[in-house]
Amino acid sequence: MPLIEWTRLPGESVETTIAMLLCGENFEATQVRPGQGDGGIDVFVPTASDLSSRDIYQVKRFAENLTSSQKRKIARSLEKVVATANEEGWTITSWFLVLPLNPTPPNITWFAALTKGLPFKCRWVGLNRIERLAANQPQVIDYYLRDGRERLEAQTARLAGVLAGRTARQQDHTLTPTDFIGDLRDIYSAMNAYDPHYRYEISITAEPPRSEAEHKKPGLVAIASSGTTDGWVNVSIFARSLAAIEERPITGRMEVQLGKSSDSRLRESFEKFVDFGTPVSLPEGSARVQLDLPGGLGSDQLLAATVSLSTPSEESAETNELALAVLSPEDEPQAEVQIRQVESTAGPRGGRRTIWVDKSGFITLEVLAKDVPDLVVNISVSVKAGGRRPSDIVAALEFLSVMHEPNHLALAQAFGPRRFTVTSTADLKERDLDYVRMARLARALVNIQKHTSTRLLYPHVVTGEQALLILDTAQLLEGHPRKATFDKLRVNRDPAVESDVISYSVGDRVNLSVVRDIIIEFDGHEYTVGREMDLMQGIVTEFSEEAACFEPAEDAAEVLRVRFDGDIDDGRVHTRPALR
């Protein structure tokens with residue numbers, strides 16, 4: 001015998017109850033209110049985060065063998081949902097016909113013909129599956145199909161049993177934490193036995209909950225806390241599904257009390273929330289709140305509270321990108337970064353606020369718009385370059401190195417020809433030489449990386465000498481020779497080993513070349529990034545079987561240092577007579 005006499009229930013109750021059973025099975029399920037704009041959808045579950053694909057559940061009240069008229073209604077619903085998906089640009093992953101009726105063989109044949117050729121899976125969800133859902137969620141059945149008295153009486157009886165057990169305890173019996181485990185389990189079970197929309201968790205802590213992780217638990221909508229210095233009892237309220245919040249919304253009212261004596265920064269922050277939806281936290285004493293929380297945990301009075309306010313915009317910001325540039329006083333681009341929108345809010349007064357960040361995460365742009373095209377642009381910078389790939393941060397650092405007076409900021413579309421719109425003529429700060437140095441170092445490392453497979457990351461710590469060597473090395477590897485000097489050069493000769501140093505006499509003028517590895521050092525590590533050759537001219541000052549010594553000629557003391565891509569061993573010296 002079925003758990004529920006579906007045939008005796010009003011059709012609307014059947015469809016509402018089954019829809020909530022489906023939502024209770026999957027938290028992300030959304031119940032669509034019946035109406036002309038429902039698109040033939042009763043419940044859908046997104047199968048992609050951007051809602052571009054969805055599982056569709058079509059709920060029907062039919063509890064007895066299908067008539068021709070009922071089959072036509074089902075067919076029309078299927079056609080309607082396919083048309084809706086095509087019009088709105090999303091994909092149907094699966095389509096489920098849900099009704100409290102198991103299919104007969106003719107029903108199976110009819111359903112197969114109805115769904116033949118469709119590019120998505122189609123399933124009949126019948127009475128057996130619905131009965132299992134009902135058995136797993138008795139609070140839904142109790143709430144929507146019964147008056148809830150039986151379950152509420154059982155709950156009251158269980159709570160009474162808990163209290164009776166506590167009063168029966170002997171006064172001289174020492175309590176330990178294990179004595180409460182069974183009772184707390186009974187309280188938890190009783191609390192969650194009848195509410196189809198929310199469930200409740202209890203915790204006992206030394207302080208009120210403040211952890212960010214606590215407030216990010218899936219489904220958490222509120223924490224009702226009560227306590228003193230002796231301890232706090234916290235009841236966390238979790239929505240059983242997204243549809244539950246629609247069925248039983250949390251409402252309330254708030255009074256903000258910011259008098260003339262209030263902190264001016266707090267008043268300014270609250271005004272930005274009202275104008276643009278900028279998140280703001282109001283400390284205790286500046287706001288009073290009354291909330292209609294489920295489970296009788298709310299209050300009908302305004303109570304002092306610490307309040308965090310935000311008004312996220314419904315507009316998606318996933319694909320919004322812009323080019324942010326620094327322009328000279330003559331409107332010539334000096335540097336540019338790509339920025340993407342990461343946050344968007346709208347204030348009660350109609351203003352909008354958008355937050356943009358660049359690829360490196362160094363630059364954050366806040367755009368406040370009250371009356372378009374009048375905009376306020378606030379830019380903030382936070383640079384932590386150490387350990388980052390230079391190619392990821394060089395554009396941002398070069399941007400910051402030129403973001404100074406008398407230049408100004410401008411925006412353009414991220415793609416296509418640049419048509420910049422000046423967005424801020426406010427005075428920029430003076431040139432920051434730290435950003436200039438960091439940008440030059442990052443660009444040098446990017447250029448060095450082209451010539452070596454050794455992975456280079458931006459230094460956490462670098463000395464001035466190390467930075468100069470990195471800059472010189474980048475120039476050398478990019479094909480720009482460097483000049484240097486040498487004092488003396490001694491080449492040890494081994495008669496048993498073939499040498500590139502031929503026989504010379506003291507006073508001979510000689511062209512010399514020396515090949516060596518290029519090594520840069522920072523953060524306690526040495527990196528071999530290429531090879532270089534020193535080209536110089538010297539005078540022979542000593543020549544024997546053991547060694548040859550050279551000093552720079554008076555008119556040719558300069559060394560020319562170039563990139564070397566050959567196979568000669570490191571440190572090998574080559575000589576040939578010099579022509580005067």
Side-chain angles (χ1 to χ4, degrees), residues 324 326 334-340 342 356-365 379-404 429-487 514-534 559-572:
L324 174 66
V326 175
Q334 305 298 299
E336 177 184 306
V337 290
Q338 298 284 311
I339 57 175
R340 63 183 180 87
V342 296
W356 308 74
V357 297
D358 75 306
K359 177 182 178 182
S360 70
F362 292 166
I363 302 169
T364 302
L365 204 71
I379 189 166
S380 59
V381 178
S382 177
V383 176
K384 292 183 179 180
R388 300 284 301 275
R389 289 192 300 182
S391 58
D392 289 344
I393 62 177
V394 64
L397 290 173
E398 290 176 341
F399 181 93
L400 294 172
S401 72
V402 297
M403 193 184 75
H404 58 77
K429 297 180 180 179
E430 295 182 358
R431 188 182 189 195
D432 192 320
L433 293 180
D434 285 338
Y435 289 148
V436 174
R437 287 188 284 265
M438 292 177 70
R440 292 182 61 198
L441 187 61
R443 178 57 66 185
L445 289 169
V446 168
N447 290 336
I448 293 172
Q449 189 69 80
K450 300 174 186 176
H451 302 277
T452 178
S453 58
T454 301
R455 186 184 184 194
L456 302 176
L457 300 178
Y458 194 90
H460 290 89
V461 178
V462 62
T463 66
E465 183 179 353
Q466 290 170 341
L468 286 174
L469 179 57
I470 292 171
L471 296 173
D472 287 345
T473 298
Q475 288 290 309
L476 184 69
L477 292 177
E478 287 292 285
H480 304 287
R482 289 187 293 164
K483 292 183 179 181
T485 59
F486 81 103
D487 183 19
V514 181
V515 175
R516 63 171 62 87
D517 288 337
I518 305 175
I519 299 174
I520 59 176
E521 180 183 359
F522 53 86
D523 284 347
H525 299 284
E526 291 186 346
Y527 303 92
T528 300
V529 296
R531 310 183 80 197
E532 64 186 7
M533 176 182 282
D534 284 353
V559 175
L560 185 65
R561 188 163 290 165
V562 298
R563 189 182 77 203
F564 180 73
D565 298 322
D567 297 326
I568 299 174
D569 294 339
D570 179 40
R572 193 70 175 265

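All values below come from the heavy atoms of this structure, side chains included, with hydrogens, waters and symmetry mates left out. Nothing here was measured: the structure is a model prediction, and the numbers come from that model.
- Tyr458 is not listed as a side-chain neighbour of Asp392, based on a closest heavy-atom distance of 4.5 Å or more.
- Counting all heavy atoms, side chain and backbone alike, Val461 lies closest to Asp523 at N-OD1, 2.9 Å.
- Here the NE2 atom belonging to His404 is positioned 10.5 Å from the CD atom belonging to Glu430, to the nearest 0.5 angstrom.
- Centroid-to-centroid, the aromatic rings of Phe399 and Tyr435 stay 6.0 Å apart or farther.
- Here the side chains of Arg516 and Asp534 are in contact, with some heavy-atom distance below 4.5 Å.
- Atom OG1 of Thr473 is separated from atom CD of Glu532 by 7.0 Å, given to the nearest 0.5 angstrom.
- In this structure the side chain of Arg443 reaches within 4.5 angstrom of the side chain of Val446, judged on heavy atoms.
- The CD1 atom of Ile393 lies 10.5 Å from the CG atom of Leu400; values are rounded to the nearest 0.5 Å.
- Distance alone, capped at 3.5 Å, is enough to place a donor-acceptor pair between the Arg388 side chain and the Ser360 backbone.
- In this structure a side-chain-to-backbone donor-acceptor pair under 3.5 Å is missing from Asp434 to Met438.
- For the residue pair Ala467 and Val462, the shortest heavy atom distance occurs at N-CG2, 3.7 Å.
- Of all heavy-atom pairs between Val394 and Ala439, the closest is CG2-O, 4.4 Å.
- Thr528 is not listed as a side-chain neighbour of Glu526, based on a closest heavy-atom distance of 4.5 Å or more.
- Here Ile520 contributes atom CD1 and Leu445 contributes atom CG; the two are 6.0 Å apart, rounded to the nearest 0.5 Å.
- Here the closest non-hydrogen pair linking Val402 and Ala335 is CG2-CB, 3.6 Å.
- The closest donor-acceptor contact from the side chain of Arg563 to the backbone of Leu477 lies under 3.5 Å.
- In this structure, CG in Leu471 is found 8.0 Å from CD in Gln475, a value given to the nearest 0.5 Å.
- A donor-acceptor pair is defined here as one N or O able to donate and one able to accept, closer than 3.5 Å; no such pair exists between the side chain of Asp432 and the backbone of Ser401.
- Under the 4.5 Å side-chain criterion, counting only non-hydrogen atoms from C-beta, Ile339 is not in contact with Ile363.
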**Prompt:** Please walk me through it: do Met403 and Gln334 pass side-chain contact (heavy atoms from CB on, under 4.5 Å)?
**Reply:** CA-CA 9 Å; Met403 193 184 75; Gln334 305 298 299; over 6 Å; no
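- Across every non-hydrogen atom of Leu457 and Gly387, the tightest pair is CD1-O, 3.6 Å.
- Judged purely by atom type and a 3.5 angstrom limit, Asn447 has no side-chain atom pairing as donor or acceptor with the backbone of Ala474.
- In the displayed structure, Arg482 atom CZ is contacted under 6.0 Å by more than 12 heavy atoms of other residues, nucleotides or ligands.
- Side-chain contact between Ile448 and Pro390: absent, with no pair of heavy atoms (C-beta onward) separated by less than 4.5 Å.
- A distance of 4.5 Å separates CD1 of Ile518 from CG of Leu476, quoted to the nearest 0.5 Å.
- Side chains of His451 and Glu478 form a contact here, defined as non-hydrogen atoms less than 4.5 Å apart.
- At least one donor-acceptor pair under 3.5 Å links the side chain of Gln449 to the backbone N or O of Leu456.
- Between Leu397 and Ala442, the closest heavy-atom pair is CD1-CB, 3.8 Å.
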